[in-house]
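Here is the structure we will look at.
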Amino acid sequence: MHYKHILLIVVIGFSLFSCSQDFLDKEPISEVTTENFFATASDLQLYTNGFYRMFPSTSIYNGDSKTDNIIEIELSAEMRGARFVPTSGGGWNWAYLRDINFFLENYERSDDEAAKSHYGGVARFFRAYFYFEKLQRFGEVPWYDKTIDPADEETLTKPRDSRQFIVDKILEDLDWAIANMQADQQVYEVTKYAALALKSRVGLYEGTYMKYRDIAGYEKYLEASIKASEELINNSPYSIYSTGKPLEDYANLFNAHEAIDAEVILARSYSEALNIGHNVNYYTTTSSYGRPGMPKDLVNSYLNKDGSRFTDLENYNQIAFTEEVNNRDPRLSQTIRTPGYTRKGQSIELAPNLGATVTGYQITKYATEPVYDTNGQSITDLPLFRFGEVVLNYAEAKAELNTLNQEDLDASLNFLKARVNMPNLSLEMANNNPDVFLANQYPNVNGSNKGVILEIRRERRIELYMEDFRWDDVVRWKAGETLTQAIRGMYFPGAGEYDLTGDGETNVVLYNGERPDNLVPGVQYYEIGSDIFLDDNGLIEPHPDFDERSFNESKDYLYPIPRLELQLNPNLEQNPGW
């Protein structure tokens, strides 16, 4: 049996057992075992396999819908400024941490030194992962590195620890894991390389979070990110320096059924044989599930094929669809439907289905053969960590530290451009002529590296689209105002017949008033002002009732702590503004 299937079975078993008990009433996982459970490597592996339930599932591909990356029928609470303080829940859950700490208190009972080193690292990886998620969501939180006696009221009601303390503890756990874990390449299993990738992510997040809030000491976190990224870039199975092979084709990287381990460092696995699937095909192809679409401003961000800026063209916001997507960065046509698009395994060219996307720009990333279109039947493995993110982390951290040079860019971000045959990014040219379009999105980017930082942000949004990075990027950049900018979709000058495939045949008809007679099979018909709304410039307006939005800089970067938790622990303080 394939390892991914073994891991799925083990994790499901733990999930079913764990979900059958109320956490407040249960003992740690260890209580279902004998006194000598921690004796063997198999024991340690079995216990730590339960931690994999911490990883996200569908939010990997639809998490961007809470931002300006994926636009759905209904704007998210984050985009509408409609979040509220919950009574309970809200992400304030500590069950996994207790299981992790219990393992770390007991795993050294084993006599298998190699297993102790590796699985001790696995547990510390997951504790770092757990706390990083809490830090991103709530900011300061209490740090616990041991299981707590229910009678220990002092520990149970301790106040928050500082951000710096939490981040330093996260990095301490990751450094231990990196130094002790096996260096085997395992795409479905946490290894040293996954720990390096997480360290790269954590260091960049906290370093930029602090820098854009004028908090002293941010440099050491950017340096930590750079160090971890350099190890993966220069000395790992994922580096093209090590393999001598180019990166995988961008489209195939995401619609392959099994994770491509040449670039994917860690993936969440799915299986048709075990009937374990997700719903990305259904999400992107049906008209009854959110109708997700790419926004116009992101389409505008893709460069032309020759490396020039699309937004430098005159009237770039009012160019017909077939023209606007022609000769662009190839990742655009590998992420949304453009002329020539066919479903995987098929040859019929398809136009964007405006009934399945509120912006007109229909998403294709992750989508596979139509046989998997039923809800919950998609089986593509989903990436948790991949090399493409690491090289972007490296370039950004160096740019923010003002230590980036052209050689660094060529060893990192330009790998991704080479993948799709785009011209290399020139540090000198970027800084000598910053993009005004991007500068308007991120007005707090300044300094001698303004141009290249804006270009790295462009590359990050494009390369990591639909991988659930956008919200965290906006938070760490202190760029919440970008979420209030007008959301628009495809351009249509008004009622009429439109060819969206470039074959000279009509695919879409927009009309006013009465629906036309003699409907043509296969042609989409939409009434302006009812089925579809256009603004004064002819751009689709997905949410005419929510065009004016606000972002509260004093509170909206963090989530609120539930009311019940504040009552249980009087030493906790609510996040500002909530």
Side-chain angles (χ1 to χ4, degrees), residues 51 54-56 90-105 120-148 152 154-179 190 194-228 393 397 469 471-473 475-478 555 557-562 565-566 568-569 571-576 578:
F51 302 154
M54 292 172 58
F55 287 137
W92 193 269
N93 187 305
W94 300 80
Y96 287 123
L97 180 63
R98 178 171 172 80
D99 290 341
I100 293 168
N101 283 337
F102 190 90
F103 176 86
L104 289 171
E105 290 171 353
V122 171
R124 286 174 172 84
F125 168 92
F126 277 107
R127 186 164 65 185
Y129 184 89
F130 174 91
Y131 263 108
F132 184 48
E133 284 197 320
K134 288 290 183 285
L135 182 86
Q136 290 173 300
R137 189 172 184 85
F138 299 109
E140 296 178 347
V141 290
W143 172 267
Y144 297 107
D145 56 8
K146 63 179 181 179
T147 56
I148 306 171
D152 186 356
E154 180 179 357
T155 303
L156 287 170
T157 60
K158 68 174 290 187
R160 300 182 181 199
D161 289 292
S162 69
R163 282 190 73 99
Q164 181 174 343
F165 180 84
I166 297 296
V167 177
D168 289 347
K169 285 293 187 181
I170 290 172
L171 294 178
E172 181 182 304
D173 270 347
L174 290 174
D175 284 340
W176 197 100
I178 292 164
V190 169
L196 282 165
L198 181 53
K199 182 178 178 181
S200 169
R201 185 183 294 179
V202 170
L204 178 67
Y205 183 93
E206 192 61 16
T208 49
Y209 186 97
M210 293 172 66
K211 180 177 180 180
Y212 283 96
R213 289 162 176 80
D214 299 318
I215 301 172
Y218 68 86
E219 294 89 350
K220 76 171 185 177
Y221 299 115
L222 295 178
E223 290 286 3
S225 178
I226 291 168
K227 182 179 178 181
N393 293 347
F469 285 96
W471 173 261
D472 293 331
D473 286 347
V475 169
R476 64 188 179 85
W477 294 332
K478 205 173 186 289
K555 77 167 190 174
Y557 290 111
L558 297 176
Y559 285 77
I561 298 174
E565 303 302 331
L566 298 175
L568 293 172
N569 183 357
N571 291 316
L572 288 177
E573 293 183 7
Q574 183 60 277
N575 278 326
W578 293 101

Nearest 0.5 Å please: distance from the [atom1] atom of [X] over to the [atom2] atom of [Y].
X: F138; Y: R163; atom1: CZ; atom2: CZ; answer: 13.0 Å
X: I170; Y: E133; atom1: CD1; atom2: CD; answer: 10.5 Å
X: K199; Y: N393; atom1: NZ; atom2: CG; answer: 13.0 Å
X: Y129; Y: F51; atom1: OH; atom2: CZ; answer: 14.5 Å
X: I148; Y: L156; atom1: CD1; atom2: CG; answer: 5.0 Å
X: Y96; Y: M54; atom1: OH; atom2: CE; answer: 7.5 Å

Over all atoms of both residues, closest heavy-atom pair of [X] and [Y]:
X: L572; Y: E565; value: CD1-O, 3.9 Å
X: A397; Y: I226; value: CB-CG1, 3.6 Å
X: Q136; Y: D472; value: NE2-OD2, 3.1 Å
X: L204; Y: S225; value: N-CB, 3.4 Å
X: I100; Y: A123; value: CG2-O, 3.5 Å
X: V141; Y: I166; value: O-CD1, 3.4 Å

Problem set entry | Full working for salt bridge (charged side-chain N to carboxylate O under 4.0 Å, His left out) between D175 and K227 | CA-CA 11 Å; D175 284 340; K227 182 179 178 181; over 6 Å; no

Please check if the side chain of [X] supplies one atom and the backbone of [Y] the other of a donor-acceptor pair under 3.5 Å.
X: N571; Y: T157; answer: yes
X: N569; Y: K158; answer: yes
X: W578; Y: K555; answer: yes
X: N575; Y: L558; answer: no
X: K134; Y: P142; answer: no
X: R160; Y: G139; answer: no
X: E206; Y: Y218; answer: no

Exercise. Under 30°, 30 to 60°, or over 60°: which ring-plane class applies to W94 and W92, parallel, tilted or perpendicular?
Worked result: perpendicular

Exercise. Where does the angle between the aromatic ring planes of F126 and F55 fall among parallel (under 30°), tilted (30 to 60°) and perpendicular (over 60°)?
Worked result: tilted

Find out whether [X] and [Y] are in side-chain contact, i.e. whether some heavy atom of one side chain is under 4.5 Å from a heavy atom of the other.
X: E573; Y: P159; result: no
X: F132; Y: Y205; result: yes
X: L222; Y: M210; result: no
X: F125; Y: D173; result: no
X: Y557; Y: R213; result: yes
X: V167; Y: V202; result: yes

Problem set entry | salt_bridge(K478, D214) N-O dist < 4.0 Å |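 No, this pair does not count.
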
For this session: Tell me, with the steps shown, if R127 and N101 meet side chain to side chain donor-acceptor pair (under 3.5 Å).
Result: CA-CA 8 Å; R127 186 164 65 185; N101 283 337; 2.9 Å; yes

For this session: Assess the pair Y221 and Y209: is the distance between their ring centroids shorter than 6.0 Å?
Result: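 So the answer is no for these two rings.
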
